[in-house]
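It should be emphasised that the depicted structure is a prediction, and the values quoted were computed from it without experimental measurement. Both ligands and their constituent atoms are indexed starting at 1 by order of listing. Values below: every heavy atom of this structure, side chains too, minus hydrogens, waters and symmetry copies.
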Amino acid sequence: MAPSTLTVTDNRTDRTYTLPIENGTVRSMDFRQVRTSDEDFGLMMYDPAFMNTASCRSSITYIDGERGVLEYRGYPIEELADRCTFLEVAYLLLFGELPNETELKNWVHEITHHTMLHETTKKFMEGFRYDSHPMSMLVSTVAALATVYPEAKDVQNPANRLHQIKRLIGKMPTVAAMSYRHSVGFPYVYPDNDLSYTGNFMNMLWRMVEPKYAANPVLAKALDVLFILHADHEQNCSTNAMRSVGSSLADPYLSVAAAAAALSGPLHGGANEEVLKMLDEIGTKDNVPAYVRRVKDGHGKLMGFGHRVYKNFDPRATIIKQVADEVFEVTGKNAKLEIALELERIALEDEYFIKRKLYPNVDFYSGIIYQAMGFRPEMFTVLFAIPRTVGWLAQWQELLVDTEQKIARPRQIYTGQRSRSFLPIEERHPAVLAGV
Ligand code: ACO
């Protein structure tokens, strides 16, 4: 059998090095020995945006981007979405196994009993401007939870970690719902522990004067499936933020806030809100070809298209399309659907998109369903953050017990000037400013 090694020759020195290959990977640190002299720092790997760098070992989520495969702890996403509840999947992601009946009952009970917010947190939220974006409120409020639970700092204590994990999963829907109620000027609704995870969330969002809110079971189930689909996605931008901040041993509330901030960007979780804005801008089905032409001419992107990892299809998008049919049976079709379908049809036949392997991603259809369910676009990324919290926490936990991990600290290639002579203020002239 051929040895599992890589042999490289440094043409500067004519020296040859043999590096081990493990799991289809060579270690960047093995290149440090490649140097031209004793003073030389050694070779580094340059990989902006981590296009080809594995930053960790993980046994949580498996993705095969070419074949459109997504598995949590080895179980195909299609089967989990079909047969599990979100909290069952959360247990799987966090602990590695599906819960049995007793374990699930206890787990649901524990999460349900962590849904309340401290009154000071509610007051904190009342201080936001009346038209604050719900995602900004969510990020800030999750960070503020660190002030309520200072003991969370003890991140090396497994029991303490688990306690904070339950709190975060329990409280995310409450913070999210209060962000929404605040942004529309409605009084906050307290959690109802008799309801399911998604049923309770819908209750906190939409209950008005009725004594008991009853969520439509089809919509509650659809939301549950959407939560399952969004629960984890290995080393994406926000998970990388969670691991990076968590690697400094920051407390989990601050780390989740950082991850949620990363999620909020339009190239990541914020894309679902942008999809709706784009569909609004397109306006009618007839305008789709002109819009696609504009994108191809370099004016903007088709939001909800493309993915760093999936290069054939996003399996979550396929499931979401099925969920959409069930939701529209209850709510009636979203008028945007026709435009979205036309956009998908034209883009999938177009050489530009085919060549670049650009397909609808999870965000393309989720927004259309959420809008049909009654959510405003500003809430879409918040809806993403609730289930993704589970993934962030599972990855954080994995990071903290991984003996190979240390504080995340990339290197750089310095391109600036060196050892300049200081200029007194009277000798300085207006100059072109860096980064402007
Ligand atoms: N519309 C039009 N062109 C696109 C799009 C798009 N949505 N996405 C990528 N391209 C083009 C790029 O311009 C580039 O073209 P070029 O080779 O001529 O320069 C080529 O396709 C490759 O794109 P990259 O930006 O290099 O791909 P990358 O892997 O870095 O980006 C990303 C992936 C950020 C998802 C990108 O496809 C994008 O911006 N999509 C729109 C935003 C979006 O939907 N984000 C949600 C992703 S899913 C999630 O985060 C949950």
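The pair Arg243-Glu398 counts as a salt bridge, with a side-chain nitrogen and a carboxylate oxygen less than 4.0 angstrom apart.
Every pair passing ring pair (Phe, Tyr, Trp, His ring centres under 6.0 Å) that includes a residue from residues 367-395 is listed here, sequence neighbours excluded: Trp206-Phe375, His230-Phe384, Tyr370-Phe375, Tyr370-Phe380.
In this structure, Tyr197 contributes its side chain and Ile169 its backbone to a donor-acceptor pair below 3.5 Å.
Here Phe124 and His118 keep their ring centres 6.0 angstrom or further from each other.
Phe305 and Phe364 have perpendicular rings, their planes meeting at more than 60° on a 0 to 90° scale where under 30° would count as parallel.
Because its NZ or CZ atom is both nearer than 6.0 Å to the ring centre of Tyr352 and within 45° of the ring axis, Arg356 counts as a cation-pi partner of that residue.
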Would you mind listing each N/O atom of ligand 1 next to any protein N/O under 3.5 Å, plus the distance?
residue	atom	partner	partner atom	Å
ligand 1	1 (N)	Leu302	N	2.9
ligand 1	3 (N)	Tyr352	OH	3.2
ligand 1	7 (N)	Leu302	O	2.7
ligand 1	7 (N)	Phe305	O	2.9
ligand 1	15 (O)	Arg356	NE	3.2
ligand 1	18 (O)	Arg356	NE	3.1
ligand 1	18 (O)	Arg356	NH2	3.0
ligand 1	29 (O)	Arg308	NE	2.7
ligand 1	30 (O)	Arg308	NH2	2.9
ligand 1	39 (O)	Lys301	NZ	2.8
ligand 1	40 (N)	Phe305	O	2.9
ligand 1	44 (O)	Gly304	N	2.8
ligand 1	44 (O)	Asn361	ND2	3.0
ligand 1	45 (N)	Leu267	O	3.0
ligand 1	50 (O)	His268	ND1	2.8

